[in-house]
Amino acid sequence: MVVMIRMELRSLATFCAVVSEGNMTTAAEKLNITQPAVSQQIRQLEKEFEVKLLTRNVRKIRPTVQGQILYAKANKVLNLMDQVRDDIKSISFDLSGAEIKASTLNSLGLYLVSPVIGNFLKLNNEMKISLLYGTGEEIIRRMQRDEVDMVIMGDLKKEYGKEFSRFQKIHLFKDYIYFVKSGRDASLPKALSIKDINKQRLVMMQGLYPAFENQLYQKLRDERVSYTPSFQSDNVGTLKRVIESGLGWGFLPAHSIHKQLRLGRLSVVQIEGLDYSVDVNIYYKAGQPGKEKIIQIFKNIIQRQSHIGS
């Protein structure tokens, strides 16, 4: 019975990977299995449900209507299993007196890190956690002074040109920058030239991903676009509320707006010639086995949250 459940969960995970990637070969590489094994698991699921779950065209594999239903339900099952696994792990170690000093940016902390810390404190009464927010430069100085055990940020080399040999790196997820508008205003376009971003009140985020800001400003200069933001802030939550209320449009990180996009409260406007993504990583000091176990659980929970949104 246990073996059968494990096999079915594996098949569901494979199916979700194929839908997410849109390609069996890419899904196989991600799961570290062969492409024939992926195909076999999909056939087994289709045989079990007696329906076609995927359609194939030249460019991409897409789920059928039945496949869309399975994808939504399967993700919930897999995420629940991950949550159970992480909750069990987090109370399986003796964390009495354990202490983690962490630092991150406001947006990443608010939407990804704070819920994880709440979970740890709930299950481990004697654990001590310090979480310091700051600008990228402030966090880098903390790393230089060895004041933190763990940092969660966009790729340090890409965003700040920094690397620290004594800190190990764990990839969490790939974040994207979207240009978004209020979902309530259907009159606004779904695609836009960079030259037209000033046609509405422009809202700008500051300090989250400096390399993106540099790329954006260079693109605006190249196109000889005069940009005058009506509102700027390093607080993504405030920016999100301004845009959602229809008071402007602007760039926001994908990790902070999953729920609003899903519910239609925000919608994406495609900007021609501007596409940006960055790896968000955990940086931690190696050589601390007890803390590395805790950090691994942090990683698992954050990855789950970044996948399903909030």
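Note: hydrogens, waters and symmetry copies are ignored here, and every other heavy atom, side chains too, is used. Everything numeric here is computed off the predicted structure, so don't read it as measured data.
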Side chain to side chain donor-acceptor pair (under 3.5 Å) between S103 and R142, intermediate numbers included: CA-CA 8 Å; S103 191; R142 289 168 186 156; 2.8 Å; yes

May I have the step-by-step check of side chain to side chain contact (heavy atoms under 4.5 Å, CB included) for L216 and I177, ending in yes or no? CA-CA 11 Å; L216 171 62; I177 302 296; over 6 Å; no

In terms of hydrophobic clustering (I, L, V, M, F, W, Y; side-chain heavy atoms under 4.5 Å; direct or indirect links), are Y111 and F173 co-clustered? yes

Quick one: does R265's side chain get under 4.5 Å of K259's, heavy atoms only? yes

Are any non-hydrogen side-chain atoms of S182 and E244 less than 4.5 angstrom apart? no

Heavy-atom count around K73 NZ within 6.0 Å, excluding the residue itself: above 12? no

Supply the atom-to-atom distance L31 CG to M24 CE, rounded to the nearest 0.5 angstrom. 12.0 Å

State whether the side chain of W249 and the backbone N or O of I197 hold a donor-acceptor pair below 3.5 Å, judged by distance alone. yes

Check ion pair D279-K158 (N to O, under 4.0 angstrom): no

Would Q260 and V180 count as a side chain to side chain contact (heavy atoms under 4.5 Å, CB included) here? Give the steps. CA-CA 10 Å; Q260 286 71 27; V180 292; over 6 Å; no

Could you check if a side-chain atom of L54 sits within less than 4.5 angstrom of a side-chain atom of T64, using non-hydrogen atoms only? no

So, Y276 versus F251, ring centres under 6.0 angstrom or not? no

Donor-acceptor contact below 3.5 Å, side chain S130 vs main chain K101: no

Salt bridge (charged side-chain N to carboxylate O under 4.0 Å, His left out) evaluation trace for K30 with E21: CA-CA 9 Å; K30 181 178 180 180; E21 299 297 330; 3.5 Å; yes

When rounded to the nearest 0.5 angstrom, what is the spacing between CE in M143 and CG in L156? 5.0 Å

Could you walk me through whether Q206 and S233 pass the side chain to side chain contact (heavy atoms under 4.5 Å, CB included) test, one step at a time? CA-CA 6 Å; Q206 294 179 312; S233 177; 5.8 Å; no

For T25 and E29, test the side chains for any donor-to-acceptor distance below 3.5 angstrom and give the result as yes or no. no

Take N281 and H171 through the side chain to side chain donor-acceptor pair (under 3.5 Å) test and state the conclusion after the steps. CA-CA 5 Å; N281 304 314; H171 178 259; 4.9 Å; no

Can you hop from L247 to V236 via hydrophobic side chains spaced under 4.5 Å? yes

Audit row: N23, V18, side chain to side chain contact (heavy atoms under 4.5 Å, CB included) steps and yes/no: CA-CA 6 Å; N23 183 283; V18 171; over 6 Å; no

Please confirm whether the backbone N or O of G264 pairs with a side-chain atom of R184, one donor and one acceptor, at under 3.5 Å? no

Fit a plane to each ring of Y178 and Y176, take the angle between them on a 0 to 90° scale, and name the class: parallel (under 30°), tilted (30 to 60°) or perpendicular (over 60°). parallel

Identify the heavy atoms of Y71 and S20 that sit nearest to each other, and give their distance. OH-OG, 2.9 Å

Under 4.5 Å between side-chain heavy atoms, hopping through other hydrophobics if needed: is there a path connecting L252 to Y217? yes

Enclosure of R224 CZ (heavy-atom neighbours >12, cutoff 6.0 Å): no

List the steps, then state whether side chain to side chain donor-acceptor pair (under 3.5 Å) holds for Q41 with T14. CA-CA 7 Å; Q41 290 182 43; T14 299; 2.7 Å; yes

Mark yes or no for whether K240, through its side chain, and S256, through its backbone, hold a donor-acceptor pair below 3.5 Å. yes

Could you tell me if the side chain of R166 sits less than 4.5 Å from the side chain of D146, heavy atoms only? yes

Within a strict 4.5 Å, meaning less than it, do heavy atoms of the Y284 and I170 side chains meet? yes

Answer yes or no: is there a side-chain heavy-atom contact under 4.5 Å between M153 and E159? no

Check N198 against L202 and note the closest heavy-atom contact, atom names and distance. OD1-CD2, 3.7 Å

Rounded distance (nearest 0.5 Å) linking atom CG of L70 with atom SG of C16: 7.0 Å

Quick one: CD1 on I139 to OH on Y283, what's the gap to the nearest 0.5 Å? 11.5 Å

Examine distances only and state if a side-chain atom of Y209 and a backbone atom of P253 form a donor-acceptor pair shorter than 3.5 Å. no

Between D234 and G207 (side chain of the first, backbone of the second, donor and acceptor by atom type, cut-off under 3.5 Å), is there such a pair? no

Would M150 and F164 show up in the same hydrophobic cluster when neighbours are defined by side-chain heavy atoms closer than 4.5 Å? yes

Give a yes or no on whether the backbone of L53 and the side-chain of E46 come within a donor-acceptor separation of less than 3.5 Å. yes

Check ion pair K219-D222 (N to O, under 4.0 angstrom): no

With heavy-atom distances below 4.5 Å as the criterion, would you say the side chains of L105 and L208 are in contact? yes

Is the shortest heavy-atom distance from the side chain of I243 to the side chain of L266 under 4.5 Å? yes

I need the I140 CD1 to K162 NZ distance, nearest 0.5 Å. 6.0 Å

Can any side-chain N or O of Q232 pair as donor or acceptor with the backbone N or O of M204 at less than 3.5 Å? no

Supply the atom-to-atom distance Q270 CD to L192 CG, rounded to the nearest 0.5 angstrom. 10.5 Å

Do Y133 and L172 share a hydrophobic cluster, counting only Ile, Leu, Val, Met, Phe, Trp and Tyr and linking them when any side-chain heavy atoms are less than 4.5 Å apart? yes

Between Q218 (side chain) and Q215 (backbone), is there a donor-acceptor pair under 3.5 Å? no

Is the side chain of D155 donor-acceptor paired with the backbone N or O of K157 at a distance under 3.5 Å, no angle test? yes

Testing the basics here: between D149 and F167, what is the closest heavy-atom pair and its distance to 0.1 Å? O-CE2, 4.3 Å

